[in-house]
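Worksheet for the structure shown next.
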Amino acid sequence: RCGVAAARRLSSETNRWLFDALSACLLPAHLLVQGHAQRGARDEPRADETTPWRRRAAWARHAAFGFSAGALSAVMGVGGLPLAMSYLTLATPLPHHLVQGTAMLGVAPSVVASAATHLGHGTLPVRVAATAAVGSTCGAAAGAQLALRLDEDVLRGLYCASLVVLGGRSAA
């Protein structure tokens with residue numbers, strides 16, 4: 001809700017500029033994170049996962065990241081998935097398949113909250129959104145089945161390629 005409210009106060013031109021700037025900054029960061037993961041730098045558990053106090057601190061960091069990513073994605077009108085995937089890759093020892101599934105479930109509630117806020121403000125064309133939702137739901141189910149069959153290195157390559165293509169399109 002905070003992100004949607006902030007985005008409504010900004011002009012379309014300012015929102016587009018912020019989106020393009022975010023894409024230009026985050027694209028190299030995402031590529032570096034995925035390269036880091038591909039080199040296998042996170043094969044052992046982090047120290048913060050070994051004691052109860054440090055586990056609580058890790059949960060607090062995860063929650064703080066979730067809040068920040070949710071607000072930022074609502075302001076920018078982009079999904080928080082790239083942010084969540086990069087964060088989970090760096091902050092957890094999870095393999096890419098688990099990072100992907102965890103990130104998707106992690107951002108889903110923020111997408112619903114943002115859409116509900118837009119609906120409440122009359123900035124959501126329901127018929128268009130419903131049609132897109134049917135298609136994206138079917139595509140997501142098929143895509144998830146395919147992703148589970150692919151090697152992690154292939155998934156990372158596809159993820160990085162999608163960032164380059166989509167990031168490049170937003171900056172154009």
Side-chain angles (χ1 to χ4, degrees), residues 1-31 33-34 37 62 65-89 92 94-172:
R1 293 186 160 249
C2 297
V4 171
R8 283 180 48 107
R9 292 187 184 113
L10 301 174
S11 69
S12 294
E13 185 176 317
T14 301
N15 274 321
R16 180 164 174 85
W17 182 88
L18 286 171
F19 178 79
D20 290 345
L22 180 67
S23 294
C25 293
L26 290 180
L27 182 59
H30 291 308
L31 295 175
V33 167
Q34 292 305 315
H62 298 336
F65 166 78
F67 176 84
S68 301
L72 184 61
S73 65
V75 167
M76 304 307 294
V78 297
L81 193 58
L83 298 172
M85 289 198 44
S86 291
Y87 171 78
L88 290 168
T89 298
T92 69
L94 297 174
H96 192 78
H97 285 98
L98 293 179
V99 164
Q100 194 172 352
T102 303
M104 286 182 191
L105 184 59
V107 301
S110 65
V111 171
V112 171
S114 183
T117 302
H118 278 286
L119 181 64
H121 287 280
T123 56
L124 179 77
V126 176
R127 287 184 183 174
V128 172
T131 303
V134 169
S136 66
T137 301
C138 295
Q145 290 296 322
L146 176 61
L148 292 171
R149 291 186 179 106
L150 295 175
D151 181 69
E152 283 195 25
D153 290 337
V154 172
L155 282 177
R156 272 194 200 93
L158 290 171
Y159 176 67
C160 290
S162 72
L163 290 174
V164 169
V165 170
L166 295 176
R169 289 201 74 207
S170 72

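Quick note: numbers below take in every heavy atom, side chains included, and nothing from hydrogens, waters or symmetry partners.
Nearest approach of A147 to L155, heavy atoms of both residues: O-CD1, 3.6 Å. Between H118 and T123, the shortest heavy-atom contact is ND1-OG1, 2.7 Å. Annotation for T89 and M85: closest pair OG1-O, 2.7 Å, computed over non-hydrogen atoms. Between G70 and S110 the shortest heavy-atom distance is CA-CB, 4.3 Å. Contact detail for V107 and L81: the closest heavy-atom pair is CG1-N, 3.9 Å. Summarising the geometry of A115 relative to L124, their closest heavy-atom pair is O-CD2, 4.0 Å, with the distance given to 0.1 Å.
A distance of 11.0 Å separates NE2 of H97 from CZ of R149, quoted to the nearest 0.5 Å.
Under the side-chain contact (heavy atoms from CB on, under 4.5 Å) criterion, P95 pairs with L98, E152, sequence neighbours left out. Contacts of L158 classified as side-chain contact (heavy atoms from CB on, under 4.5 Å), with partners at least two apart in sequence or in another chain: L150, V154. A search for side-chain hydrogen bond (donor to acceptor under 3.5 Å, both in side chains) contacts involving H62 returns Y87, not counting sequence neighbours. Under the side-chain contact (heavy atoms from CB on, under 4.5 Å) criterion, A69 pairs with F65, L83, sequence neighbours left out. Scanning for side-chain contact (heavy atoms from CB on, under 4.5 Å) contacts around T131 gives an empty result, with sequence neighbours left out.
Side-chain N or O atoms of S114 include none that pairs as donor or acceptor with a backbone N or O of V111 at under 3.5 Å.
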